[in-house]
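Just below is one structure, and these are the notes that go with it.
Predicted, not measured: the structure shown is a model, and the values here were computed from it. Residue numbers count from 1 along this sequence.
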Amino acid sequence: MTEPAASGTPWSPGREESRPDHRTATEAADAAAVDALARAWAAEVEGTSYVPMGSDELVDYLTEISADLVAALRARPLDPTVGHEAGRRLVAAHFTGPSTVERTLHLLSTRLPELLGDEVRDDVLALAGALAAGYATTLRDRTLDEQEAIRRAVIVARHQTEQALHASEARFRAMFYEAAIGIGLGDLQGRIVEVNPTLTQMFGYTAQEMRRRTVGELAHPDDLPSVWVHYERLLAGDLDNFRVEKRFYRKDGEEIICNLTLSLVRDEHGRPAYQVAMLEDVTERHMLQSHLEYQAYHDTLTTLPNRALFSDRIDRIFAGTPAGSSRRVGICFLDLDGFKAINDSLGHEVGDLMLQAVATRLADQATDGELVARMGGDEFVVLVENSRGVAQLEALAERILDALSAPLVLAGQELTVSASIGVVERPVVGADTTDLMRAADITLYSAKADGRGRWALHDPGRDEAEVTRFALSAAMPAAIEHDEFFALYQPLVSMGDHRMRGVEALVRWHHPKLGVLGPARFIGLAEETGAIVALGHWVLVRACRDARRWYDAFGHEAPFVSVNVAPRQLHEPSLLHDVETVLAETGLPAHLLQIELTERALTTDEGAPLKALDGLRALGVRIAIDDFGTGYSNLSYLRKLPVDVIKLDGSFGEGLRDAAVANPVDERIVGTLVDLGHALGMTVCAEGVETAAQATRLRMLGCDEGQGWHFAAALPSEDVLELLADVDGPPWPGPRDDTSATNGAGVTTRTRDRDTSRT
């Protein structure tokens, strides 16, 4: 419960002197929001109710409530009791004018999202609904207390008639005719004997017209039988009173809803004499609650049911289906293709118009037992509550795609829209909401991955792989923070003297549950999610630290380290600064760092890569093009790049592995690429060298360096140190000079598992 103004709240004017000197920006913003809300609130409701407060007191009182509401919106999860308590406090302070709560709810629903951001709009609606409920409950309880007091006054007045008949009658008449609630007296046959002015206004009849009617003629015909059971018991004397919410008809035929308290008055002998009915018109309150409930369960933009209503409906399906039932359920979960491009290029207004048009088309496709809802953004779902099988869901998906295929004319432009749909259909028994929605989400992702503008049926066999994929995506940022990744290094060997010229850093993930994962399992995910930037920086730091250790141990004989940079990293403005910082922090000489980039990364945008490469070259860092020959390079553009090394893709050397027969086409291609690299002044490195014969042919074709399983697999940093310390030279096979080049096969290699996956 909120403390009084004197004790102060975090934003109370009365505690200005006790505020911390160093508040966060969020606290300052919230304090400003509270002050603005309270003043706007005070201006809105001042004069609508009789409240014994001056203007400043009114602002102070509403500041306390505003502070609680803002704090509730910031808290997670949202506590609706704060709204309920706010409604109670309004009634407690006598904010009970007819328009006070209406203006309050309108103000909160509009001003709070403006002050705190549109993301709180749904929470604001929930909080406003709780406020309305608290206001209504408190007001109802107070009214019921008043009604009970009136009933007791009637009884007391009757017992005091012998002693002070005239005074008692005067007091009763004053209470009866001046009461703010409708009061009527009736006999035991249900005929109306007397009514007060408030009751006549409530029903639209004159007092004389009311006295010609019975209670049954005013009641709603659809009243619950239990209401009439209570009424019969009251007339029989078995009950003294009962309370119920009941519908009535006015003279003009309009339906009204009233809180009815019906009491039995007995004579001096204790026998039933007549009945007293007290009625409070709560029609407007019901309409407000219905409106708030509609807003809570419907999307304001499209008027479709929202996620909350969809979740409620599907939860009821699973909770209300008994064990052993054959009932089935299905959903079509769809997402618009390329909707972000519409918003970015044409603006959110056109995007909103598109969402409204799509919602209309989807609603037109729904039949009985099918619920269309907007889940948020450009995601929609169609729920089939009693599915007749997969064929029904497939037909529904086809209807949806056909309905969306026709062009939309929005803001004077003709636009096309398509959607990807995940279709799931299964028995209700044995499943739950979470499983169903997860399957739909995975299937939707599969539909998008398969080409968009289509539907995909849930495949349980694909589920596990996709769940693992999503789990890896979600776990990757934390894995980087927790040092679950480690680096291995594959030697880059001189084809002439077989010295280790450098090493390429390769990253692995030591997953706590799945074991060691190769880059094929997570590099693509890292690029999709953007985690490749953090992961790439981690590899750069680790590789430079290890290279510095080798440099400290072997000086100029130490190998350089080659680090792969993804296209996303190359376009990061901070790449050059990050490299410069890492070199400075590790103390690694710049010439011992080589950056590897793919042709695709270099040719997508001439400006950004070239600027970054020029900066790296200026630092003294070597630049290598990885997988050269597979990216359809623009050779005229290649001449402009500050590149030191081209690494031939391993596919070009596959035809050179056989010691007996070599593919002349592959030899010609490799020779041409080597000549091209040398003509451009670049070192040529052959990737994927796996046999001695292949190494020999590549050396004879002019390759300067080689890398592959023939020499060594990826090694830990400590093993690289051992290789460098081996005075007899590296233990991989191959010629040390031209004479031994042809008979070096057969020497055992010091390698682990074959490693063809590289970052």
Nearest-0.5 Å distance, CE of residue Met354 to CG of residue Leu404 =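 Between atom CE of Met354 and atom CG of Leu404 there are 10.0 Å.
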Can you measure from CG (Leu583) to SG (Cys544) and round to the nearest 0.5 angstrom?
->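 Answer rounded to 0.5 Å: 5.5 Å.
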Look only at the side chain of [X] and the backbone of [Y], and say whether a donor-acceptor pair between them is shorter than 3.5 Å.
{"X": "Asn306", "Y": "Leu309", "result": "yes"}
{"X": "Arg374", "Y": "Thr302", "result": "no"}
{"X": "His571", "Y": "Pro567", "result": "yes"}
{"X": "Thr360", "Y": "Gln356", "result": "yes"}
{"X": "Thr283", "Y": "Ile257", "result": "yes"}
{"X": "Gln569", "Y": "Ala566", "result": "yes"}
{"X": "Thr529", "Y": "Leu525", "result": "yes"}
{"X": "Glu46", "Y": "Ala43", "result": "no"}
{"X": "Ser109", "Y": "His106", "result": "no"}
{"X": "His482", "Y": "Glu484", "result": "no"}

Crowded around [X] [atom1]? As in, over 12 foreign heavy atoms under 6.0 Å?
{"X": "Arg521", "atom1": "CZ", "result": "no"}
{"X": "Glu349", "atom1": "CD", "result": "no"}
{"X": "Glu284", "atom1": "CD", "result": "no"}
{"X": "Arg142", "atom1": "CZ", "result": "yes"}
{"X": "Asp145", "atom1": "CG", "result": "yes"}
{"X": "Glu572", "atom1": "CD", "result": "yes"}

Kindly determine whether Leu105 and Tyr135 satisfy side-chain contact (heavy atoms from CB on, under 4.5 Å), including the steps that lead there.
-> CA-CA 11 Å; Leu105 292 175; Tyr135 183 95; over 6 Å; no
Would you indicate whether the side-chain heavy atoms of [Y] and [X] approach each other to under 4.5 Å?
{"X": "Asp56", "Y": "Tyr61", "answer": "no"}
{"X": "Leu472", "Y": "His511", "answer": "yes"}
{"X": "Arg74", "Y": "Asp30", "answer": "yes"}
{"X": "Phe333", "Y": "Val382", "answer": "no"}
{"X": "Val372", "Y": "Val381", "answer": "no"}
{"X": "Lys611", "Y": "Leu576", "answer": "no"}
{"X": "Leu616", "Y": "Glu580", "answer": "no"}
{"X": "Arg39", "Y": "Asp35", "answer": "yes"}

Any idea which heavy atoms bring [X] and [Y] closest together, and the distance?
{"X": "Ala86", "Y": "Leu131", "value": "CB-CD1, 3.8 Å"}
{"X": "Ala33", "Y": "Leu116", "value": "CB-CD2, 3.8 Å"}
{"X": "Ala439", "Y": "Val424", "value": "C-CG2, 3.8 Å"}
{"X": "Ala440", "Y": "Ile331", "value": "CB-CD1, 3.4 Å"}
{"X": "Gly530", "Y": "Arg568", "value": "CA-NH1, 3.4 Å"}
{"X": "Ala474", "Y": "Pro477", "value": "O-CD, 3.5 Å"}

For Asp118 and Arg121, run salt bridge (charged side-chain N to carboxylate O under 4.0 Å, His left out): C-alpha distance rounded to whole Å, both residues' side-chain angles, the deciding distance at 0.1 Å, then the answer.
-> CA-CA 5 Å; Asp118 196 64; Arg121 185 174 297 278; 2.8 Å; yes
Step-by-step side-chain contact (heavy atoms from CB on, under 4.5 Å) determination, Val565 to Leu540 = CA-CA 9 Å; Val565 171; Leu540 176 66; over 6 Å; no
Looking only at the side chains, is there a donor atom on one of [X] and [Y] sitting less than 3.5 Å from an acceptor on the other?
{"X": "Trp41", "Y": "Thr104", "answer": "yes"}
{"X": "Ser418", "Y": "Asp337", "answer": "yes"}
{"X": "His286", "Y": "Glu245", "answer": "yes"}

So, is the end of the Arg313 side chain (NZ or CZ) under 6.0 Å from the ring centre of Tyr297 and within 45° of the ring's axis?
->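 Arg313 over Tyr297 ring: no.
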Worked check of side-chain contact (heavy atoms from CB on, under 4.5 Å) between Arg243 and Leu144 = CA-CA 9 Å; Arg243 296 174 179 177; Leu144 293 177; 3.6 Å; yes
Could you label the plane-to-plane angle of the His298 and Tyr294 rings as parallel, tilted or perpendicular, counting under 30° as parallel and over 60° as perpendicular?
->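 The rings of His298 and Tyr294 lie parallel, inter-plane angle below 30°.
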Pair [X] + [Y]: basic N to acidic O under 4.0 Å:
{"X": "Arg285", "Y": "Glu280", "answer": "yes"}
{"X": "Asp435", "Y": "Arg438", "answer": "yes"}
{"X": "Arg89", "Y": "Glu64", "answer": "yes"}

Please step through side-chain contact (heavy atoms from CB on, under 4.5 Å) for the pair Met202 and Phe248, ending with a clear verdict.
-> CA-CA 10 Å; Met202 189 182 301; Phe248 294 92; over 6 Å; no
Ring-ring centroid check Phe485 Phe522, cutoff 6.0 Å =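 Here the rings of Phe522 and Phe485 have centres that are less than 6.0 Å from each other.
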What residue among Leu62, Val45, Leu139 forms side-chain contact (heavy atoms from CB on, under 4.5 Å) with Leu90?
->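 When Leu62, Val45, Leu139 are each tested with Leu90, the side-chain contact (heavy atoms from CB on, under 4.5 Å) holds only for Leu62.
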